[in-house]
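The structure appears below as C-alpha cells.
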Amino acid sequence: MHDEGRPVVARQLRAALSREFADLIDMTDLPSAAPGPDPSRERVFLPRALAAKAVSLLTDRDPAEAAAAVIDGAGDRGIDAVVCSIATPELWLVQAKWSDHGTAETSVEDAHRLVDGLRLLADLRYEEFNARFQRLATVVDDALASDDCRIHLVLAAAGDGQPDPAVEAVLSRCADEFNTLGDLVDFRFLGLSDLHAAALHDPTPQPVSVTATLVDGWTAVQHPYQTYLGVIAVDELADWYARHGERLYEGNVRRYLGMTKVNQELVDSLIGEPDHFWYFNNGVTVLCDEVRPHYFARPAAGQPVRLELTNARIVNGAQTAASAYHAWRQDRDAAARARVMLRVMRVKDAPDGLARSIAKATNTQNRVEPRDFVALDPEQALIREDFARTLGKSYVYKRGELDPSPSTGCSIVEAAIALACAHRDAGLVARVRADHDHLWRSGPDGAYARLFGRRPTALQIWRSVRLTRAVGRALEDASGTLAGRDRALIGPGRLLLNHIAFRLVGDEDIDEPEGMWQSRADAVVGRIGAVVPLLTEVLDHTYGQRVPLALVFRDQERCRRVAASALGSLAAGGLPEPAAPAPPDARSRASRRRPNSVRLLVDRGRIEDGTPLVFRTTTFSEGRALDDWLGEDPQRYLATWVNDARTPLIWAVDGARYSPTGLVMRIWQEAAWTEAPVAVQGPRSWVLPGEGTLAELAEALLDDDEPGPGE
C-alpha cells in the first residue's frame, strides 16, 4: 500500500467500524458521553472495534458476538479480545492498535504484555483478568482443557502489517517456549489492508443449496408440509460441511460446539463402528425453501433419488454434521460406509414462527446419557443394599434422584470418581478428566468394569468418597496460601492429587473396619497441601514451565509419568511435614508476626482514596459458584478504596462500607453459594489493577522493610 493511500483507507475503515460496532462495543468503563464528538472516547472505541473486526475476520463471528469478545480495559493483561473458534478448540488472543493515519504498529513492550497475558491463561490464573474476561472464562477453560487446543496470538494494527523484527522475535521465543509438546501456539499479523478488506466485505449470508441422496429406502409426506425421511451417507453430509461450514447452521439454536467430549464420541463412533453409527445417532433435521427430486430410475416413493434442497439450513444435528466432516478427514472409507438419518421439511409457505418452533423443539429433547445405562446394571442395586445394611447410609445411582446429603450417603458419580482416583493406574484419572462419560463406558476400553466389575464393598466406596472429599477440602484450604503455578495446578490437577493421596494411604485394609486405613488417611489429608509444590516441581522439570496444565492432566502417559516421579520423590524423602513455627528469635521475615494487611496499607498511605479495586475468585470452586452471578452485573466486581483500617471498601453495588473479608462474605451470601467456606482471607480477593492484591501490596511493603545484606 502506498503511503499516500493509507489515510484514505484508514478513514474508510474507521467509518466502517463505526457503522458496524457503534452500539455493540462496551464503553461502560468510561464516563458518560457528552453531547457532540468526544475524541477521548474515540481513542478507546476504535482499537476495541478493530479488535472485534479481527475476531470477526478470523472466526466468522457476527458483529455482536465479535464485540462481546472484547475485554480491552483495566486488567486486560495485554489482550484486547479473547474468542474461541466455533468449530474447533482454538483460542484467539487479539491485541489491536489504531492509527488515524494508517501507521499503527506493535511495540516490543506490547508484544511482551500479550505474551505475559498468555502465560497467565496457560497457568489458569483467570482471577488476574478483568470482569469482561470473567464472562468468557468458562469457554476459555473448555478450550484450554482440550487435547487438541491451539492458541493463536494475533497482532492487529491499522498499519502496513509488517512487524518489527524484535516483535516477531518475542513471539517466536514464546511459541518455542510453549510448543515443547507439540504445535500449541502460533502467531500472525493483520494489517490495514486485511482489516479494510474485511470491513468492506458484505456480511449478509447467502442461501445454501445442497443435495441429499436417498438410496436405502425412504418415505415422504406431502401435507401439510412436504417432508422426506430417509438415510444418507455420512460422507455426503461431510461434504455439506466442507463446502458451506457454519452457513449450514443459520437456523440452528446453537452452532457447532467444537470438539467436545460428545462430538469426539461421534467421531470415534463413525470411525470405529461405521456400520452401526445410525443406530447410535438421532440424525439431522434440515429445513429448506424448495425440494426438487431427481430420480435415478423409476420416479416412485422408495426408489433411489437425489433431492436438491434450496436455502437449506440444519436446525438439529449441527454437531453430527461437523463431526461427520472431522471423521471424513481422518478416515474417508469409514465415512462412506456410515449412514445417518435425515429429515427434510419444506417450510417456504409455512406460517411465521414454525421454522423457529421446529428448531427449538428438536434441540430441547432430553438426551440419553451413558450414565443412564449404568442404572440397568443389577450390581448397582446390590451396592445400594450394602450401603443401607452395612453402613445405614444412602447410595443413589439413577439420574434424576435427589443426591443424599454428604453425611448420609453419596451418589454413584461421587463413588465412581473416588474409585477412579483410588485405582492404581494414574492414567485412569487422565481419561476421566478428559471425558467424564468414560466412567460409564463398559467394555475393555471403558472405566466402568474397572471400577465396579468386582463390586466394591460399601465400606470401600464410602471410605474412598470420604477421602476424596477430605482431600478436596484440604486443597481448597491450601489454595489460599499458594500462588502462581502452584495454585493454578490445584484445579486441573485435583484428580491426580487425589490419586497420589490414595497411593500414599494404600488400599490393603480399606474395607476392614478395625484396620489402620482411616488413621493413615487422616495423616495424608493433613499434609496433602504440601504435595502441591512438589507436583509443580516434577511437572516443570519433566515438561517445562510453560506447558499448559491441561495437556498433562488429560493425557494418560503424562499423568502416569508425573505421578510415578512424584511418588518416587515422596518415597525417598517422605511426605512433607506441615511448616513448623520458627523459633521466636529467628530473624527471617516468616518468623515475625505479620501486621494486618489493611492496617499496614492504611498506615503507609499505600493506596489513595477513591482508587478502584476489583474482586477476584481465589479457588476454582469459588469461581464455578460465583462467575455467572458476578457476570450478570459488572459492578459486583468493583469496590472503591478509602483509608479506613476497619472498613476500607465501598461496594459499587450498594455504596455501603465493608472490610475486605466482610465484602467477600457478603458477595458469597448474595450469590447464594451454599458450600462457601466458613472463613476467607479477604485481602487476597481484592486486586489493585496492574499492581496486585491487597495482600501482595502489604507483602511488598514488608519486603521493603527487610534489612539488606550487612545491615
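Since the model is a prediction, treat every value here as computed from it, not as a measurement.
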For I607, does its backbone N or O pair with a side-chain atom of T611 as donor and acceptor, under 3.5 Å? no
Answer yes or no: is there a donor N or O on one side and an acceptor on the other, between the side chain of D507 and the main chain of A422, under 3.5 Å? no
Contact summary for L482 and P533, nearest pair of heavy atoms: CD2-CG, 4.3 Å
T468 meets the side-chain contact (heavy atoms from CB on, under 4.5 Å) criterion, sequence neighbours left out, with A418, N498, F502
Tell me whether R132 is salt-bridged to D29, with the criterion being a basic N under 4.0 Å from an acidic carboxylate O. yes
For D486 against V532, the heavy-atom pair lying closest together: O-CG1, 3.4 Å
Whether E177 and R119 form a salt bridge (side-chain N of Lys/Arg under 4.0 Å from carboxylate O of Asp/Glu) is what I want to check. yes
Using the side chain to side chain contact (heavy atoms under 4.5 Å, CB included) rule, pick out the option among V602, L688, I650 that qualifies with W641. V602
Shortest non-hydrogen separation from A430 to C559 and the atoms involved: CB-SG, 3.7 Å
Backbone N or O of G506 within a donor-acceptor pair of the W517 side chain at under 3.5 Å? yes
Tightest non-hydrogen contact, residues R433 and F553, listed as CD-O, 3.7 Å
Under the side-chain contact (heavy atoms from CB on, under 4.5 Å) test, residues paired with V139 that sit two or more places apart: C84
Qualifying residues under side-chain hydrogen bond (donor to acceptor under 3.5 Å, both in side chains), relative to D511, sequence neighbours excluded: none
Answer yes or no: is there a side-chain heavy-atom contact under 4.5 Å between S464 and C421? no
Partners meeting salt bridge (charged side-chain N to carboxylate O under 4.0 Å, His left out) with R606 (sequence neighbours left out): E691
Could you pull out all residues at least two apart from D609 that satisfy salt bridge (charged side-chain N to carboxylate O under 4.0 Å, His left out)? none
Residue pairs fulfilling salt bridge (charged side-chain N to carboxylate O under 4.0 Å, His left out) with at least one residue in residues 649-669, sequence neighbours excluded: D644-R657, D654-R666, R666-E670
Tell me every residue that passes side-chain hydrogen bond (donor to acceptor under 3.5 Å, both in side chains) with E632, counting only those two or more places apart in sequence or in another chain. R636
Separation between NZ of K393 and CD1 of I461, rounded to the nearest 0.5 Å: 14.0 Å
S85 and W92: CA distance, side-chain angles, deciding distance, side chain to side chain donor-acceptor pair (under 3.5 Å) verdict: CA-CA 8 Å; S85 292; W92 302 81; 2.7 Å; yes
The criterion is salt bridge (charged side-chain N to carboxylate O under 4.0 Å, His left out); which residues satisfy it with R125, sequence neighbours excluded? E128
Does N130 reach the side chain of V614, with side-chain heavy atoms less than 4.5 Å apart? no
Test of understanding: with side-chain contact (heavy atoms from CB on, under 4.5 Å), list the residues that count as partners of D628, not counting sequence neighbours. none
For A671, check side-chain contact (heavy atoms from CB on, under 4.5 Å) against everything at least two apart and list the hits. L626, W629
Do W668 and E622 meet the criterion of a side-chain donor-acceptor pair at a distance under 3.5 Å? yes
Check whether any side-chain N or O of Q134 sits under 3.5 Å from a backbone N or O of Y126 as a donor-acceptor pair, and report yes or no. yes
Any carboxylate oxygen within less than 4.0 angstrom of a Lys/Arg side-chain nitrogen, looking at E476 and R494? yes
Residues that Y637 engages under side-chain hydrogen bond (donor to acceptor under 3.5 Å, both in side chains), provided they are two or more places apart: none
Could you tell me which non-hydrogen atom of L120 sits nearest to which non-hydrogen atom of R77, and how far apart they are? CD1-CG, 3.7 Å
Charged N-O contact under 4.0 Å between R520 and D509: yes
Across all chains, not counting sequence neighbours, the side-chain hydrogen bond (donor to acceptor under 3.5 Å, both in side chains) partners of R173 are none
Within this structure, what is the SG-CG distance for the pair C174 and L114, rounded to the nearest 0.5 Å? 7.5 Å
